[in-house]
Amino acid sequence: MLDIMTMNVRAPSQNRGDLQAQIAMLVNGEKRVLEIIERFGIDDFKAGMYQVMDYAEKQAEAVLKTIPDGEYFFAEYADEDSENGKPMRLALTLTIDNGRALMDYTGSDPQLASSLNMPTGGMPRHALALVGFHYVLYTLNSDILLNSGLDRVVRCVLPEGTVVNATAPAAVGMRSLTCKITHMLTFGVFSRAIPERMPACSAGGMAIVTVKTMDHAGRGVMASLGPVGGGAGGMATGDGSDGSGANNAFLRNTPVEINELEVPIRMRRYCLAPDSGGAGTYRGGLGLTMEFEVFTPGTTVTARNRDRTYFASWGVLGGGAGANAIFTRNPDGPDTEALGNTDVVPCKPGDRIRLVGAGAGGFGDPLLREPRRVLTDVLSGYVSLEAARRLYGVLIDGSRVDEDGTRRLRQEMQKARPEQQKDVFDFGLYRTAFETRWTEARYRELTDILARLPVAWRFFVKHQLFDALDARLKAGRPEEDAELVRELFDELAARYPTLRTSERQAAG
């Protein structure tokens, strides 16, 4: 059986050990379950199993009852819905009602021509749509039992033909990135309800880096260099963890020595990225930096799940957004190439690849952060002297805080601040600018239009309307908000008569 399984992978010899470990885990799990049944009997085993799920349901219900009943909305984005494409938006309306939750994904983008689609089949309790919900419950009660009983208190609405419920023959190979977006989407919608109890947004955009190359004997090798992302969001009780955290905490890195032993590369840098965590009373977790050099022709570097190059991880309650991710070939040289969200990079000998993971959002007003914490961050290389002054209002002289200067600077910064925005989130400059063009009213009209079209038309129409809106706004023509999207669609339908026919057929 093991030989048959290894025939289905590209590097059988490298995967044999992992498969053996998984098989051993299943065999051991079966052994333990049979021991319990032998000790207590099958009837008591089943009864205990259901009682554990019943208890988890009661725990989940108790958590939800601490959240004010009501309806809450949030939207989250991936940088691109396809290679060099448009932003992909997921939308979620959360309804809390006496210990029960409804998560309605209506308003999410149409299913894509790329492979970011989620194959949920519209199941109201599909695992892919609920992972973020489980994280939230565990955040609010770390003693909660993690089993399927948690899902009894929640139901999802996953509209057919959207990115969260794609229909055949949609490609789904990169659904993992969209699933990560649903995590942050869920964190955000619960933050609408209880911002003081939820952490800021985690870093997101965790890239899984692999190298396909040849060893010194000319044999093909492939290795995972590990994840490159960022940490957890700042929270009411402390800073977010650095490098990895929150919904990415289960991922572990590969030691540098193992990477250099398995493949002909040399690690040039592997560290935390200074100034990447969002500023706040409690700082967001820092992103990771990985830089390596390749030596063999025909080398291909893959950075799967690249994201957060444009949209940032948001801060809450005065906390700042985290820094964006950066992907570069041959940094700091004359032939530097910014790779954006490219996920497959062919390399030649001597090329250097640098990945910098996104930072997580900060929690609370940065001017309320204890100066000694800022000093520790500066001495540790986590925050630069300039950022300490500009973001936190802390002046540092050598290895100590200039307390009088810091007090005066913070007072000046406080006076110079504009009135606080009503929104508890800092989304960063890119999203803020994007949502001045694609307001909620315009996006709602876009969503309504796309929902009335056959699935085959939706992705195409979305891209056409994005380009048309940019052109109209660039021309400086003032227009009404939602009506502009409808007008642009009418112009598009006039150019493509079959589009109007398809719309009528879908409605009929």
From F311, Y310, F427, residue fulfilling ring-ring contact (aromatic ring centres under 6.0 Å, His included) relative to F434
F311
State the [atom1]-[atom2] distance between [X] and [Y], to the nearest 0.5 angstrom.
{"X": "H134", "Y": "T186", "atom1": "NE2", "atom2": "OG1", "value": "10.0 Å"}
{"X": "R100", "Y": "D69", "atom1": "CZ", "atom2": "CG", "value": "12.0 Å"}
{"X": "R486", "Y": "L484", "atom1": "CZ", "atom2": "CG", "value": "12.0 Å"}
{"X": "C179", "Y": "L185", "atom1": "SG", "atom2": "CG", "value": "12.0 Å"}

When the ring planes of F74 and F425 are compared, do they come out parallel, tilted or perpendicular, using 30° and 60° as the limits?
tilted
Using only atom types and a distance under 3.5 Å, with no angle test, would you say the side chain of D343 pairs donor to acceptor with the backbone of A303?
no
Close side-chain approach of D104 to T95, heavy-atom, < 4.5 Å
no
Under-4.0 Å salt bridge between R268 and E291
no
Row check, F292 ring normal vs R352 NZ/CZ: under 6.0 Å, within 45°:
no
Establish, for the pair K462 and F460, whether the NZ or CZ atom is under 6.0 angstrom from the six-membered ring centre and no further than 45 degrees off its axis.
no
Compute whether any side-chain donor of one residue and acceptor of the other, for D275 and S384, lie under 3.5 angstrom apart.
yes
Side-chain donor-acceptor contact under 3.5 Å, D307 with N341
no
